[in-house]
Number of protein chains: 2
Amino acid sequence: MAQTYQAQVYVTLRPSVLDPAGTAVRSGLEHMGYDNVSKIRIGKYIEVSLTADSEEAATQQLDRMCDQLLANPVIENYRIELQAMATA
Amino acid sequence: MAQTYQAQVYVTLRPSVLDPAGTAVRSGLEHMGYDNVSKIRIGKYIEVSLTADSEEAATQQLDRMCDQLLANPVIENYRIELQAMATA
């Protein structure tokens with residue numbers, strides 16, 4: 001039976017890829033007096049609600065969605081967390 | 001003594017605020033055949049490395065940084081996670 005799942009997807013730039021936005025934020029913080037921040041990397045945090053027959057099916061679908069649309073696998077990594085929601 | 005901390009900051013739109021980017025992604029997924037996705041919200045995931053005298057000091061500073069620069073408190077919520085890094 002189909003079950004509702006709540007997923008969190010974390011999309012981060014690969015370590016070898018420059019993050020100009022993160023560098024700009026770090027520089028902004030430094031100008032505001034926060035001179036103890038050594039590194040900032042900015043990624044995406046995506047909350048997804050979906051229905052699927054099983055946790056495996058939901059994870060597989062989220063993997064495909066990340067590869068095709070949510071992330072750019074050439075420069076980004078992603079990590080998926082999944083919880084089944086209580087059925088009504 | 002100053003200690004290095006690694007923080008994760010999750011910035012999400014407040015539930016009452018519309019998320020046009022999330023809606024566009026959901027619509028894109030639907031056109032790709034993923035018609036079982038009921039909701040998508042897109043936020044930011046920020047990794048911060050900083051030094052501070054204590055966990056409390058680090059958390060307080062991250063709070064101020066979020067209020068002033070990393071998030072827009074009018075339309076966004078944020079959540080902070082913090083780990084002390086092993087000292088060399």
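So that the names make sense, note that chain A is the first sequence line, chain B the second, and so on, each numbered from 1.
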Counting heavy-atom pairs under 4.5 Å with chain A, which one of Ile42(B), Thr12(B), Val48(B), Leu70(B) comes out on top? Val48(B)
Are Leu82(A) and Ile40(B) connected in the hydrophobic side-chain network, where two residues link if heavy atoms are under 4.5 Å apart? yes
Mind checking whether Leu18(B) and Leu13(B) sit in one hydrophobic cluster, side chains of I, L, V, M, F, W, Y counted as touching below 4.5 Å? no
Do Tyr5(B) and Tyr78(B) sit in the same hydrophobic cluster, where Ile, Leu, Val, Met, Phe, Trp and Tyr count as joined when their side-chain heavy atoms come under 4.5 Å apart? yes
Which atoms of Arg26(B) come close to chain A, meaning under 4.5 Å heavy atom to heavy atom: side chain ones, backbone ones, both, or neither? neither
Looking only at side-chain N and O atoms, does Gln8(B) offer a donor or acceptor that is under 3.5 Å from a partner on Tyr45(A)? no
Should Met85(B) and Ile46(B) be counted in the same cluster of Ile, Leu, Val, Met, Phe, Trp and Tyr side chains packed under 4.5 Å apart? no
Would Val11(A) end up clustered with Leu50(A) when hydrophobic side chains under 4.5 Å apart are linked, directly or stepwise? yes
Using modelled atom types only, decide if a donor and an acceptor are shared between the side chain of Asn36(B) and the backbone of Thr51(A) within a distance under 3.5 Å. yes
Hey, could you give me the NZ/OG1 distance between Lys39(B) and Thr4(A), rounded to the nearest 0.5 Å? 12.5 Å
Verify, without hydrogens or angle tests, whether Ser49(B) (side chain) and Ser38(A) (backbone) share a donor-acceptor contact under 3.5 angstrom. no
Could you tell me the separation between the CG atom of Leu29(A) and the CE atom of Met65(B), rounded to the nearest 0.5 Å? 4.5 Å
